[in-house]
Amino acid sequence: MPELPEVETTRRGVEPHLAGRRIAALNVRDPRLRWPVAPDIADRAEGQRITAVDRRAKYLLIRLETGSLMLHLGMSGSLRIVPAETPLRTHDHLDLILDDGHRLRFHDPRRFGSLHWVAHGTEHPLLARLGPEPLEEGFDGAWLRRALAGRRAAVKAALMDASVVVGVGNIYASEALFRAGIHPTRRAGRISRQRLDRLADAVKSVLSEAIAAGGTTLRDFYGGDGQPGYFRQSLSVYGRAGEPCPGCGEPVRQRVIGQRSSYYCPRCQR
DNA sequence: CTAAGGACCTGTCGGC
DNA sequence: TGCCGACAGGTCCTTA
């Protein structure tokens with residue numbers, strides 16, 4: 001489920017319930033995630049006060065006094081805040097037990113998610129080579145020109161490369177290219193500066209609109225299922241093969257680029 | 001350095 | 001109804 005808007009929506013949903021609380025325990029029910037969860041991670045975290053919940057790319061960083069818990073939702077992960085006696089479902093792999101009795105529960109059928117410990121003053125290797133945040137200073141057409149210069153790969157694949165910009169997943173890569181009028185197979189290094197400006201703007205607008213929509217669907221992290229709705233109706237091309245392009249009516253096409261399904265309008269995107 | 005393909009996992013869906 | 005292959009929102013790692 002998680003693209004950047006959902007990770008950010010999740011962050012905003014859980015932070016108020018976590019910040020200021022103390023960790024009573026960390027239950028690792030199944031350590032077999034993308035990387036095995038370190039056996040000593042519970043000992044490191046237990047007893048510490050949570051100061052904030054941040055995000056870098058699609059990693060959530062639960063800030064503690066001596067370091068951070070770094071959590072990735074992978075392809076199928078989700079978080080809920082649940083009361084103490086909430087029955088477990090299959091694939092509920094982790095519980096962060098808070099001093100108010102609530103639990104932050106991590107659910108992940110495919111187990112592509114991960115949990116790492118990052119000590120204060122150290123940088124985790126998984127974060128070391130990441131490109132800029134799409135919604136912060138440093139990401140614009142000028143950056144794209146530098147990052148994509150000389151690249152022969154399809155622009156859609158390049159846009160999903162985390163060293164170019166973080167957080168643009170398969171859905172929003174298609175959506176941003178549609179908004180910018182750029183064909184997904186166009187070679188990344190052969191796009192004019194003006195069109196790269198448009199592309200950077202499209203990435204920003206599509207992600208921030210999705211975050212805004214996600215915020216409205218996320219009402220109550222207690223009790224509810226905690227899953228923000230997925231804003232299919234607001235997507236222009238993703239998952240809409242054969243449906244009319246919202247710009248010109250031409251049927252939306254689907255093809256595989258870099259092993260991922262891609263959607264585009266053959267008329268509006270060049 | 002870049003690009004391409006495989007790998008990790010489970011669940012769901014469509015076709016026969 | 002049952003089985004089988006294709007596919008799913010991520011991304012690291014290996015190989016060329």
Side-chain angles (χ1 to χ4, degrees), chain A residues 1-11 29-37 55-60 70-79 89-94 106-116 124-131 134 144 146-178 184-190 203 206-207 209-211 213-214 217-218 226-242 254-263:
Chain A
M1 327 226 158
E3 287 241 11
L4 184 139
E6 277 180 324
V7 177
E8 178 60 20
T9 299
T10 296
R11 187 195 71 73
R29 218 167 278 109
D30 189 345
R32 299 172 305 158
L33 302 184
R34 167 93 200 249
W35 289 277
V37 177
R55 178 185 60 73
R56 172 69 174 115
K58 292 174 189 161
Y59 292 93
L60 290 171
M70 183 173 87
L71 183 72
H72 199 291
L73 302 180
M75 204 95 135
S76 59
S78 60
L79 291 174
R89 303 171 296 177
T90 46
H91 310 303
D92 281 344
H93 305 310
L94 307 169
F106 176 68
H107 175 85
D108 185 10
R110 290 176 77 178
R111 285 192 276 118
F112 287 170
S114 61
L115 178 68
H116 288 96
H124 196 281
L126 290 171
L127 303 184
R129 308 227 153 161
L130 295 178
L144 280 178
R146 269 202 295 155
L148 301 181
R151 293 243 199 166
R152 308 188 60 202
V155 62
K156 175 167 181 273
L159 201 53
M160 293 175 65
D161 177 342
S163 69
V164 172
V165 60
V166 302
V168 181
N170 198 40
I171 293 177
Y172 293 107
S174 278
E175 292 295 310
L177 288 165
F178 172 76
T185 61
R186 179 137 302 226
R187 302 217 183 244
R190 298 253 179 128
V203 167
V206 79
L207 291 178
E209 285 169 31
I211 290 170
T217 62
L218 195 67
Q227 281 290 4
Y230 213 71
F231 334 106
R232 189 181 187 282
Q233 65 274 26
S234 70
L235 300 176
S236 298
V237 288
Y238 185 86
R240 295 187 182 280
Q254 172 182 20
R255 60 178 283 189
V256 174
I257 300 167
Q259 275 125 264
R260 310 301 298 276
S261 264
S262 308
Y263 300 82

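Order of the sequence lines sets the chain letters (A, B, ...), proteins ahead of strands, with each chain counted from 1.
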Take the protein atom [atom1] of [X] and the nucleotide atom [atom2] of [N], then report the distance between them rounded to whole Å.
X	N	atom1	atom2	answer
A:His107	B:dC9	NE2	P	17 Å
A:Ile257	B:dA3	CD1	C1'	15 Å
A:Asp92	B:dG11	CG	P	13 Å
A:Arg260	C:dA6	CZ	P	17 Å
A:Met160	C:dT11	CE	C1'	9 Å
A:Leu71	C:dG10	CG	P	16 Å
A:Arg190	B:dT2	CZ	P	17 Å
A:Leu4	C:dG10	CG	P	10 Å

*Report the residue (A:Asp161 or A:Arg32) whose heavy-atom-nearest nucleotide on DNA chain B is the more 5′ of the two.*
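So the residue in question is A:Asp161.
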*asked:* Nearest heavy atom decides the nucleotide; on that basis, is A:Ala149 or A:Gln259 closer to the 5' end of DNA chain B?
replied: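 Its nearest nucleotide being more 5', the pick is A:Ala149.
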Heavy atoms from C-beta onward define the side chain here; which of [options] lies closest to that of [X]?
X	options	value
A:His91	B:dG5, C:dG10, B:dT10	B:dT10
A:Arg151	B:dC9, B:dT2, B:dG11	B:dT2
A:Arg34	C:dG10, B:dT2, B:dT10	C:dG10
A:Ala153	B:dC9, C:dT11, B:dA3	B:dA3
A:Arg152	C:dA8, B:dC9, B:dA3	B:dA3

*Working to the nearest 0.5 Å, report the span between OG1 of A:Thr185 and CG of A:Leu177.*
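It is 10.0 Å, given to the nearest 0.5 Å.
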_Spacing of A:Asp108 atom CG and A:His72 atom NE2 [to the nearest 0.5 Å]_ =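 Atom-to-atom, A:Asp108:CG and A:His72:NE2 are 10.5 Å apart.
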Between [X] and [N], is there a side-chain N or O to OP1/OP2 distance below 4.0 Å?
X	N	result
A:His72	C:dG10	no
A:Arg111	B:dT10	yes
A:Tyr172	C:dG10	no
A:Ser76	B:dG11	no

_Any donor-acceptor pair, under 3.5 Å, between the side chain of A:Arg110 and the base of B:dC9, if you only look at N and O atoms?_
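Result: at least one qualifying N/O pair found.
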*Indicate whether A:Phe112 forms a stack on C:dT11; treat it as stacked only if centroid distance is below 5.5 angstrom and interplanar angle below 30 degrees.*
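No; centroid distance or tilt outside limits.
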*Identify the residue among A:Lys58, A:Arg55, A:Arg56 that makes a side-chain contact (heavy atoms from CB on, under 4.5 Å) with A:Val166.*
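When A:Lys58, A:Arg55, A:Arg56 are each tested with A:Val166, the side-chain contact (heavy atoms from CB on, under 4.5 Å) holds only for A:Arg56.
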*asked:* By the 4.0 Å heavy-atom rule, please label A:Leu126 as base, sugar-phosphate, or nothing.
replied: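 Here A:Leu126 touches the backbone only, sparing every base.
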*Heavy atoms under 4.0 Å, any strand shown: does A:Arg187 hit a base, just sugar-phosphate, or nothing?*
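The residue A:Arg187 makes no contact with any strand.
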_On DNA chain C, compare the nucleotides closest to A:Ala57 and A:Tyr263; which residue's is nearer the 5' end?_
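On the 5' side of the pair lies A:Tyr263.
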*Is the shortest heavy-atom distance from the side chain of A:Leu94 to the side chain of A:Leu71 under 4.5 Å?*
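Yes, their side chains come closer than 4.5 Å.
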*Could you tell me whether the side chain of A:Asp161 reaches within less than 4.5 Å of the side chain of A:Arg151, counting heavy atoms only?*
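Heavy-atom side-chain distance check passes, below 4.5 Å.
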*For atom CZ of A:Arg29, decide whether the heavy atoms of other residues, nucleotides or ligands shown that lie under 6.0 angstrom number more than 12.*
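Yes, enclosed.
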*Please give the nucleotide sitting opposite C:dT11 as a Watson-Crick or G-U wobble pair, both distances under 3.5 Å, or none.*
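Partner of C:dT11: B:dA7.
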